[in-house]
Protein chains: 2
Amino acid sequence: MQQVVAPAFKNCTDCPIRHRAVCAKCDSEELELLEDIKYYRSFSAGQPVMWAGDHMDFVASVVSGVATLTQTMEDGRTQMVGLLLPSDFVGRPGRGVAAYTVTATTDLTMCCFRRKPFEKMIDTTPHVAHRLLEMTLDELDAAREWMLVLGRKTAREKIASLLSIIARRDALLGSAPPGKELVFDLPLTREAMADYLGLTLETVSRQISALKRDGIISLSGKRKISIPDMDRLLTEAGDDSDGGYLT
Amino acid sequence: MQQVVAPAFKNCTDCPIRHRAVCAKCDSEELELLEDIKYYRSFSAGQPVMWAGDHMDFVASVVSGVATLTQTMEDGRTQMVGLLLPSDFVGRPGRGVAAYTVTATTDLTMCCFRRKPFEKMIDTTPHVAHRLLEMTLDELDAAREWMLVLGRKTAREKIASLLSIIARRDALLGSAPPGKELVFDLPLTREAMADYLGLTLETVSRQISALKRDGIISLSGKRKISIPDMDRLLTEAGDDSDGGYLT
DNA sequence: TCCATTTTTTGATCTGTGTCAAGGAACGAC
DNA sequence: GTCGTTCCTTGACACAGATCAAAAAATGGA
């Protein structure tokens, strides 16, 4: 554990979880067998990757693009339960059935690992098992943070939370200078945003229009967002105490 | 992995995660060091166990009683993000700070393990690490299921989901015959239920009254629930197509 | 036992978000 | 280019659940 965080998302060509943060041992010999068990798959925007209940003989890591994890009730109500950005991991070792529906929302490339050999590797490679536990714990924290968003935040705050998450991850990937105006593409349709936030697409659209009207964000086209001041988005999203000059 | 599920929650005196399902190797010698690092703590109903941000030098498993995991915003809005029932695990190895506020909602006993030696044990005992990953993945699935509840279900359905979870866990603990009328104590106040469900306590109270009025559940006192037909609770909770005879 | 406190219920009213509906803008196929 | 499709916006209105308020029931201590 000597190496530290710096060169995240970079050049860990043999580690199954190479796309996330740092893996201290990525260059070591013990992972060579991965060459045999990994392969790449690509999907185009909108394409389903797998359906809940499908047989699933691999686990995977997102290399580029964005995918969503959703759950649907019999009557069609849909909730997104995870957003997969580059470096995120999908699939549960030890379980051959997909628990969620996965959909590519942009063009997507995943690095897949055949499940059985991957499981064997976990058992024989403690640091990979350890890393996997860390990642799962991070996901659990993210899910719990999202429970607060779903249960207690207003529509406006929900949008702010979502934009903040996407902007933060986007910045980490190196495309944005920190502390300045953030500009990024929304990788989701209004409907997908609604499914993530537990809202309807109309409410999402209205709230985005309102944030734009209040000067907290601006759009070029429908999908390119720019946020001059992230703190302002987060603190004022809930109250528009100084939004209108006539109140 | 020869042993199977039957005698859950029973007699795994040395395993840190003994209270949950079956641990195939609980009797083996490798866990003996646990005697040195474990101790028990008890709390009475209503008492805080720890606050988010507190220094935390242990991890723990719930032996008896119920505790909640909550998150609070600066303005006081509160969301419960986890319900800890007997056999559940709290604490993140490798992190010395509590991420959530933990509160005992009934009298509670936890089996605690000093964190540092516990971490060492994980590194040296693969099957414990493996079990911990399994448990974390289960919690992640539970959190995601709860996202669907929070994001897309009506108040009535939310109550039904909560009752179902508590009843199921209660039955697993052996206090109820399966398939028959379920009777159990609600270990939560109306307010705590509201915090779990993303509702107000008034709405919780009203919905429980409505379920009682419709004959789907019945109460003795405020806390003892009986559910004659769990399927009916789950299928009719959302629509009261035959609830009132005058519609 | 009685009193103080906490928890729960219920009512009246308000409001944020959903629903239904219509039209506009962007995009790909031909 | 034009057409068809999908995505997005906006308006009018309805309604589930929140808020405010008060009282009833349960609980615990002296």
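Order of the sequence lines fixes the chain letters, A, B, ..., with proteins taken first and strands second; residue numbering starts at 1 for each chain. All figures in this text were calculated on a predicted structure; none of them were measured in a lab.
Between the side chains of S218(B) and S226(B), at least one donor N or O sits under 3.5 Å from an acceptor N or O. Side-chain polar atoms of T78(B) and T70(B) form no donor-acceptor pair below 3.5 angstrom. Judged purely by distance below 3.5 Å, without hydrogens or angles, the side chains of E202(A) and S205(A) never pair a donor atom with an acceptor atom. Between the side chains of T136(B) and E139(B), not a single donor N or O lies within less than 3.5 Å of an accepting N or O. Between the side chains of S44(B) and Q47(B), at least one donor N or O sits under 3.5 Å from an acceptor N or O. When only modelled atom types and interatomic distance are considered, S161(A) and S164(A) share no side-chain donor-acceptor pair under 3.5 Å.
Direction of the helix axis in the helix from dT1(C)-dA30(D) to dC30(C)-dG1(D) shifts by 50° between the two five-pair termini, rounded to 10°.
dT7(C) atom P lies 15 Å from atom CE of M193(B), rounded to whole Å. Regarding D195(A), its CG atom lies at a distance of 12 Å from the P atom of dC8(D), rounded to whole Å.
Taking the side chain as every heavy atom from C-beta outward, D195(A) and L188(A) never approach each other to under 4.5 Å. Contact annotation: the side chain of L84(B) approaches that of V102(B) to within less than 4.5 Å [non-hydrogen atoms, C-beta and beyond].
Taking every side-chain heavy atom of L201(A) into account, dT9(D) is the closest of dT9(D), dC7(D), dT7(C).
Salt bridge annotation for D185(A)-K224(A): present, with a cationic side-chain nitrogen under 4.0 angstrom from a carboxylate oxygen.
Residues from residues 71-83 of chain B that place a heavy atom under 4.0 Å from any atom of DNA chain D: there are none.
Within the 6.0 Å centre-distance limit, the rings of W146(B) and Y196(B) are counted as a close aromatic pair.
Within the 4.0 angstrom heavy-atom criterion, only backbone atoms of the sugar-phosphate kind lie near T189(A); the bases stay farther away.
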Every protein N/O within reach of nucleotides 16-19 of chain C N/O, cut-off under 3.5 Å:
| residue | atom | partner | partner atom | Å |
| --- | --- | --- | --- | --- |
| dT17(C) | OP1 | A155(A) | N | 2.9 |
| dG18(C) | OP2 | T200(A) | N | 3.3 |
| dG18(C) | OP2 | T200(A) | OG1 | 3.1 |
| dG18(C) | OP2 | T203(A) | OG1 | 2.5 |
| dT19(C) | O4 | R206(A) | NH2 | 2.8 |

